[in-house]
Number of protein chains: 2
Amino acid sequence: MDWDDLRIFLAVARADSLSGAGRRLGIDASTVGRRVARLEGALGAKLFVKTPQGYGLAPEGERLLPHAEAVEAAMGSAQEALSGPGDLTGQLRIGAPDGCANYLLPQVCARLSEAHPRLEIQIVALPRVFNLSKREADMAVAVSQPQAGRLVVQRLTDYQLHLAAHEDYLRAHPPIRGRADLRGHRMIGYIADMIFDRELDYLAETGVEWAALTSNSVSVQMQAIRMGAGLGIVHDFAIPFCPGVRRVLTDEISLRRSFWLIRHADDRRSQRMNRLAEALAQGIRAEVARLQARLIP
Amino acid sequence: MDWDDLRIFLAVARADSLSGAGRRLGIDASTVGRRVARLEGALGAKLFVKTPQGYGLAPEGERLLPHAEAVEAAMGSAQEALSGPGDLTGQLRIGAPDGCANYLLPQVCARLSEAHPRLEIQIVALPRVFNLSKREADMAVAVSQPQAGRLVVQRLTDYQLHLAAHEDYLRAHPPIRGRADLRGHRMIGYIADMIFDRELDYLAETGVEWAALTSNSVSVQMQAIRMGAGLGIVHDFAIPFCPGVRRVLTDEISLRRSFWLIRHADDRRSQRMNRLAEALAQGIRAEVARLQARLIP
DNA sequence: AAAGGGTTTTGCATTTCTGCAAAGGTGGCG
DNA sequence: CGCCACCTTTGCAGAAATGCAAAACCCTTT
């Protein structure tokens with residue numbers, strides 16, 4: 001039995017398909033299929049039920065999975081034992097909502113990447129909740145604490161959101177002195193039925209009923225605001241990236257949210273993962289603080 | 001990093017050489033060397049100090065070793081999880097002193113092998129103490145309990161030894177009615193300076209001072225006795241294999257010894273190893289009992 | 001009903017890995 | 001001193017694994 005085939009097995013079990021596993025591993029799907037076949041031969045057991053829709057775990061594979069994960073953990077410890085106390089290496093995939101992914105992670109990860117040249121960071125911006133248990137990512141930034149799953153959660157930082165618009169828009173439209181003046185303004189926000197977390201329902205919280213222009217992406221919303229398309233709730237830390245965008249009604253409308261860093265419970269014992277999480281947490285905290293401090297009141 | 005390379009690393013670390021590891025793994029030494037080189041490249045660390053006399057663990061390799069063993073253990077559990085509750089598979093290398101290896105293990109292992117067709121049993125007969133920690137064998141039968149090492153020991157069975165000779169020899173020489181009559185007889189025994197365990201010093205215990213024909217192998221001694229070369233202390237359980245060999249002076253000279261089964265402490269958690277050990281223990285017990293019962297008083 | 005995107009599977013050219021044989025070194029022994 | 005046994009390393013031919021492209025299939029959508 002080739003030990004490396006167990007690595008492939010894990011990937012397929014998590015991706016539920018040869019092609020998905022291949023993408024993740026950076027090798028061809030046909031190779032993945034052949035390695036799985038070889039493993040099954042060596043073990044004398046059918047590990048997957050193969051359908052044209054993908055590979056699903058067979059009972060025997062189900063039984064193997066936790067042991068394969070134990071091997072993976074041991075393999076991680078082994079690699080850890082060698083990488084010098086200083087540098088971090090390997091791959092790190094971070095899932096994050098796109099606000100964080102666009103305006104915070106690039107800088108934070110750039111610095112991290114610079115400090116650790118052999119570290120390979122992947123930022124996955126997705127408007128949905130991650131399935132960490134399937135290892136779609138090693139860590140995830142979330143806007144609320146998950147309830148289920150073998151996960152470990154830590155608070156990253158608080159951040160604020162305010163109503164904002166481009167100064168060109170503000171000049172061209174009636175002044176906004178109070179909440180009542182919002183009536184008649186064009187609002188920009190999330191697509192209602194694509195809100196994947198209650199914490200994102202900013203507009204409802206501010207009492208706005210209707211938005212003229214919506215997107216599932218905060219960066220698209222931000223771009224719309226920057227182009228003078230209207231008013232919207234935006235992250236304070238994003239505003240410095242958009243010259244000309246000004247906050248309005250900061251006294252009356254002010255939201256506070258938190259980012260949470262979510263990791264696999266199993267990774268808790270990994271010194272590497274702990275260090276990566278800590279570096280990420282500090283980086284994000286510092287970046288949020290830096291950007292919010294830059295705001296023109 | 002190829003997970004399978006860690007398997008090669010383990011073998012080299014234990015064999016202290018590429019060629020030894022290659023023999024053990026059944027692959028060529030040059031391949032072993034290249035895989036080690038590849039692993040070192042992937043890990044960015046020199047794992048071995050390479051000399052024309054072999055591969056010795058470098059400090060980094062020393063650090064990696066326990067983690068690699070953890071991976072090995074996890075890999076074992078994984079394979080165990082799949083092999084049906086019934087059958088045993090894989091390789092089992094048993095080290096044993098040659099008395100046991102010649103007259104007990106062949107039958108016992110033959111039955112075991114028949115019951116588990118995918119099990120591959122190797123019997124290593126060696127006139128020395130095994131280095132289990134280097135995994136020269138998975139288990140070892142010993143004539144005394146080891147004191148040091150992370151080992152687990154269990155008593156297999158007691159057995160007896162008596163003075164014996166071929167009936168042709170007895171007919172051709174003066175009768176032996178008591179210990180005193182032994183004077184003048186040709187004795188067969190161990191080579192004095194090659195006795196690797198005090199328990200083997202049979203002749204000294206019986207008061208015999210000198211042996212005319214000696215060997216480091218009990219089966220060679222037995223063969224000599226069978227050919228009528230003289231008298232010697234032999235295992236009772238070996239006598240049924242040598243037609244014509246009779247015990248003498250059974251009342252006055254009778255030795256009792258024990259076999260012990262020694263295993264790695266780490267293997268204690270392996271259900272497979274436990275089952276193998278149990279099967280071996282029962283087989284050896286039954287075989288000793290069967291053979292000793294067959295003796296002509 | 002047909003088309004499109006997703007999957008697995010298969011055939012083939014290419015790359016990679018492996019085993020063998022020879023070369024080069026080093027320590028032990030007569 | 002030279003020889004022998006053992007080790008590693010290197011060069012090369014054959015075997016094996018890999019990636020790519022195409023085919024076959026299923027489900028969803030137009």
Side-chain angles (χ1 to χ4, degrees), chain A residues 1-43 45-58 60-62 124 126-128 131 134-136 193-194, chain B residues 1-43 45-58 60-62 91 124 126 128 131 134-136 193-194:
Chain A
M1 164 183 175
D2 188 313
W3 285 12
D4 201 54
D5 287 345
L6 212 60
R7 188 168 59 90
I8 275 71
F9 164 81
L10 268 177
V12 175
R14 284 169 181 153
D16 287 321
S17 77
L18 296 183
S19 41
R23 277 190 295 275
R24 189 72 198 271
L25 295 169
I27 58 182
D28 195 83
S30 56
T31 300
V32 177
R34 287 185 275 245
R35 305 256 321 240
V36 168
R38 187 173 69 177
L39 180 65
E40 289 183 327
L43 261 42
K46 309 223 178 318
L47 300 172
F48 295 98
V49 292
K50 293 125 181 161
T51 73
Q53 289 84 271
Y55 269 39
L57 273 177
E60 309 236 61
E62 204 81 62
V124 182
L126 274 186
R128 63 183 180 85
N131 186 344
K134 287 239 167 199
R135 293 270 174 178
E136 290 179 7
D193 60 300
M194 289 190 70
Chain B
M1 165 183 175
D2 188 313
W3 285 12
D4 200 55
D5 288 345
L6 212 60
R7 189 168 58 90
I8 276 71
F9 165 81
L10 268 177
V12 176
R14 283 169 181 153
D16 286 323
S17 77
L18 296 184
S19 39
R23 277 190 296 274
R24 188 70 198 270
L25 296 170
I27 58 182
D28 195 82
S30 56
T31 300
V32 177
R34 288 185 275 245
R35 305 261 314 247
V36 168
R38 185 173 70 177
L39 180 66
E40 289 184 327
L43 260 43
K46 307 220 179 320
L47 300 173
F48 295 97
V49 294
K50 292 128 181 159
T51 74
Q53 290 84 270
Y55 269 40
L57 274 177
E60 309 237 62
E62 204 80 60
Q91 199 182 69
V124 182
L126 273 185
R128 60 183 182 85
N131 187 343
K134 287 236 168 199
R135 292 270 175 176
E136 288 178 7
D193 60 299
M194 290 190 69

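Labels below follow one simple rule: chain letters A, B, ... track the order of the sequence lines, proteins then strands, and each chain is numbered from 1.
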J.: Take the protein atom CZ of B/R38 and the nucleotide atom C1' of C/dT15, then report the distance between them rounded to whole Å.
T.: 14 Å

J.: Expressed as a whole number of angstroms, how long is the span from A/L18:CG to D/dA24:C1'?
T.: 15 Å

J.: Would one find a side-chain N or O of A/R35 under 4.0 angstrom from OP1 or OP2 of D/dG19?
T.: no

J.: Round to the nearest Å and state the distance from B/D4 atom CG to D/dA17 atom C1'.
T.: 14 Å

J.: In whole angstrom, give the distance that lies between atom CD of A/E40 and atom C1' of C/dT9.
T.: 14 Å

J.: Could you pull out the closest heavy-atom pair between A/D2 and B/D2, with the gap in Å?
T.: OD1-OD1, 4.4 Å

J.: For a quick test of reading the model, state the closest non-hydrogen atom pair linking A/G20 to A/A15 and the distance between them.
T.: C-CB, 3.7 Å

J.: Of A/D16, A/V36, A/V32, which meets side chain to side chain contact (heavy atoms under 4.5 Å, CB included) against A/Y55?
T.: A/V36

J.: If you take all heavy atoms of A/L18 and A/G33, which pair is closest and at what distance?
T.: CD1-CA, 3.6 Å

J.: Between B/Y55 and D/dT9, is there a side-chain N or O to OP1/OP2 distance below 4.0 Å?
T.: yes

J.: Listing time: all N or O pairs from protein to nucleotides 23-30 of chain C that are below 3.5 Å?
T.:
none

J.: For A/I8 and D/dG19, give me the distance from atom CD1 to atom P, rounded to whole Å.
T.: 10 Å

J.: Which heavy atom in B/D4 sits nearest to a heavy atom in A/M1, and how many Å separate them?
T.: OD1-O, 4.0 Å

J.: Whole angstrom is fine here: how far is it from CZ in A/F48 over to P in C/dT7?
T.: 15 Å

J.: Just to be sure I understand the rule, does B/G33 reach a base, reach only the sugar-phosphate, or reach nothing, if contact means heavy atoms closer than 4.0 Å?
T.: nothing

J.: Give the minimum heavy-atom separation between B/K46 and B/A58, together with the two atoms involved.
T.: O-CB, 3.5 Å

J.: Look for any protein N or O under 3.5 Å of an N or O in nucleotides 19-22 of chain C and output each such pair with its distance, or none.
T.:
unit_1 : atom_1 : unit_2 : atom_2 : d
C/dG19 : OP2    : B/D28  : N      : 3.1
C/dG19 : OP2    : B/T31  : OG1    : 2.7
C/dG19 : N7     : B/R34  : NH2    : 3.0
C/dG19 : O6     : B/R34  : NH1    : 3.4
C/dG19 : O6     : B/R34  : NH2    : 3.1
C/dC20 : N4     : B/S30  : OG     : 3.1

J.: Can you see if the side chain of A/T51 gets near the phosphate of C/dT8 - specifically, an N or O under 4.0 Å from OP1 or OP2?
T.: no

J.: Which whole-number value in Å describes the distance from A/D2 CG to D/dA16 P?
T.: 15 Å

J.: Flag the pair A/R7 / A/L25 as yes when at least one side-chain heavy-atom distance between them is below 4.5 Å, and no otherwise.
T.: yes

J.: Among side-chain atoms of A/S30 and A/R34, is any donor-acceptor pair under 3.5 angstrom?
T.: yes

J.: For B/F48, does its backbone N or O pair with a side-chain atom of B/E40 as donor and acceptor, under 3.5 Å?
T.: yes

